[in-house]
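The next block holds one structure in the form of structure tokens; read it before the comments.
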Amino acid sequence: MAGLHELLAELDGAEAATIAPRLLGGVLSVVGADGALVRLRLTEVEAYGGAGVDPGAHSFRGPTRRNATMFGPPGRLYVYFTYGMHVCANIVVGAEGVGTGVLLRAGEVVEGLEAARARRLGARDDSELARGPARLTRALGIVLGDDGARIGQVPPDRFGFEAAPVPPQRIANGPRTGVSGPGGSDAFPWRFWLVGDPTVSPYRAHRPRAR
DNA sequence: CATTAGATCGTCT
DNA sequence: GACGATCTAATGA
């Protein structure tokens, strides 16, 4: 099993859409803001390209206050707040200044079930604990203050990742969920998931704001 | 089962 | 001032 930084070094210069599927099946370890440890096997991710390349990416129009971490060194967490109430997390995968990341959309809790359940009261089934990007951060105890944190090894770090290669035939891909405009079209089929896994979130097209 | 309304606020235009 | 890389509950078929 390779750590995140080894994997990123091996794929140096590759596009986010090439790196994203390589993260599937890998195990993300997080010591949450409340101190409890949860390990999650990634089952669904989305790749986001760099500035001027990917109209669906936060980094498309260049660096801003919010997306600064995307333009920093790879192997860090890019955590952002959205819809007035939700937190989502990415792994920065491109070189410094490029602005690429992989959104962590869903996974299977493989350790720390009790902590994850406690953080996700209301989940009807364990497969729902981290089925969706905002649910995932909640199950793992990732908070806004974790933006920019380095993903190393747990312990001693609070965040870690171990890759676990998955056969290509078990991976499917398609348009990204909830992305408006051309970035959410078939032109960017950069959502990747493990075929048939119950923790993969349902696809939802972007919905324009109601009046 | 599918579709929709409402929640709620930081960020960028 | 408009709008989200979303989620839940409620309503309709």
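Chain letters run A, B, ... following the sequence lines, proteins first and then strands; every chain starts at 1. Every value quoted in this text rests on a predicted model; they were computed, and no experiment measured them. The analysis underlying the following values was restricted to heavy atoms, covering all of them including side chains, and did not include hydrogens, waters or symmetry mates.
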Proximal nucleotide (of B:dT13, C:dA5, C:dC7) relative to the A:Arg61 side chain: B:dT13
Look at the side chain of A:His58 and decide which nucleotide, out of C:dT8, C:dA5, B:dA7, has an atom nearest to it. C:dA5
Would you state whether a donor and an acceptor, one from the side chain of A:Tyr83 and one from the base of B:dA7, lie under 3.5 Å apart? no
Report the distance from atom CZ of A:Phe60 to atom P of B:dT11, rounded to the nearest whole Å. 21 Å
Under 4.0 Å, heavy atoms only, any strand: does A:His206 hit a base, just the sugar-phosphate, or nothing? sugar-phosphate
Between CZ of A:Arg209 and P of B:dC9 the distance, given in whole Å, is 13 Å
A:Arg207 atom CZ is separated from C:dT8 atom P, nearest whole Å, by 15 Å
Residues pairing under side chain to side chain donor-acceptor pair (under 3.5 Å) where one sits in residues 151-163 of chain A, two or more places apart or in two chains, turn out to be A:Asp146-A:Arg158
Any A:His86 side-chain nitrogen or oxygen under 4.0 Å from OP1 or OP2 of C:dC7: no
A:Glu44: what forms a side chain to side chain donor-acceptor pair (under 3.5 Å) with it, not counting sequence neighbours? A:Arg105, A:Arg191, A:Ser201
Taking only the side-chain nitrogens and oxygens of A:Thr82, find out if one of them lies under 4.0 Å from OP1 or OP2 of C:dA5. no
Using the side chain to side chain contact (heavy atoms under 4.5 Å, CB included) rule, pick out the option among A:Val109, A:Thr43, A:Thr199 that qualifies with A:Ser127. A:Thr199
Would you check if there is a donor-acceptor pair between the side chains of A:Ser59 and A:Asn67 at a distance under 3.5 Å? no
Represent DNA chain C in dot-bracket notation, 5' to 3'. Only Watson-Crick or G-U wobble pairs with both distances under 3.5 Å count; pseudoknot-style crossings use [ ] and interstrand partners use |. ||||.|||||||.
What does A:Arg105 touch in the nucleic acid at a heavy-atom separation under 4.0 angstrom: a base, only the sugar-phosphate, or nothing? sugar-phosphate
Toward the 5' end of DNA chain C, by each residue's nearest nucleotide, A:Phe81 or A:Arg120: A:Phe81
Is there a donor-acceptor contact under 3.5 Å from the side chain of A:Asn173 to the main chain of A:Pro189? yes
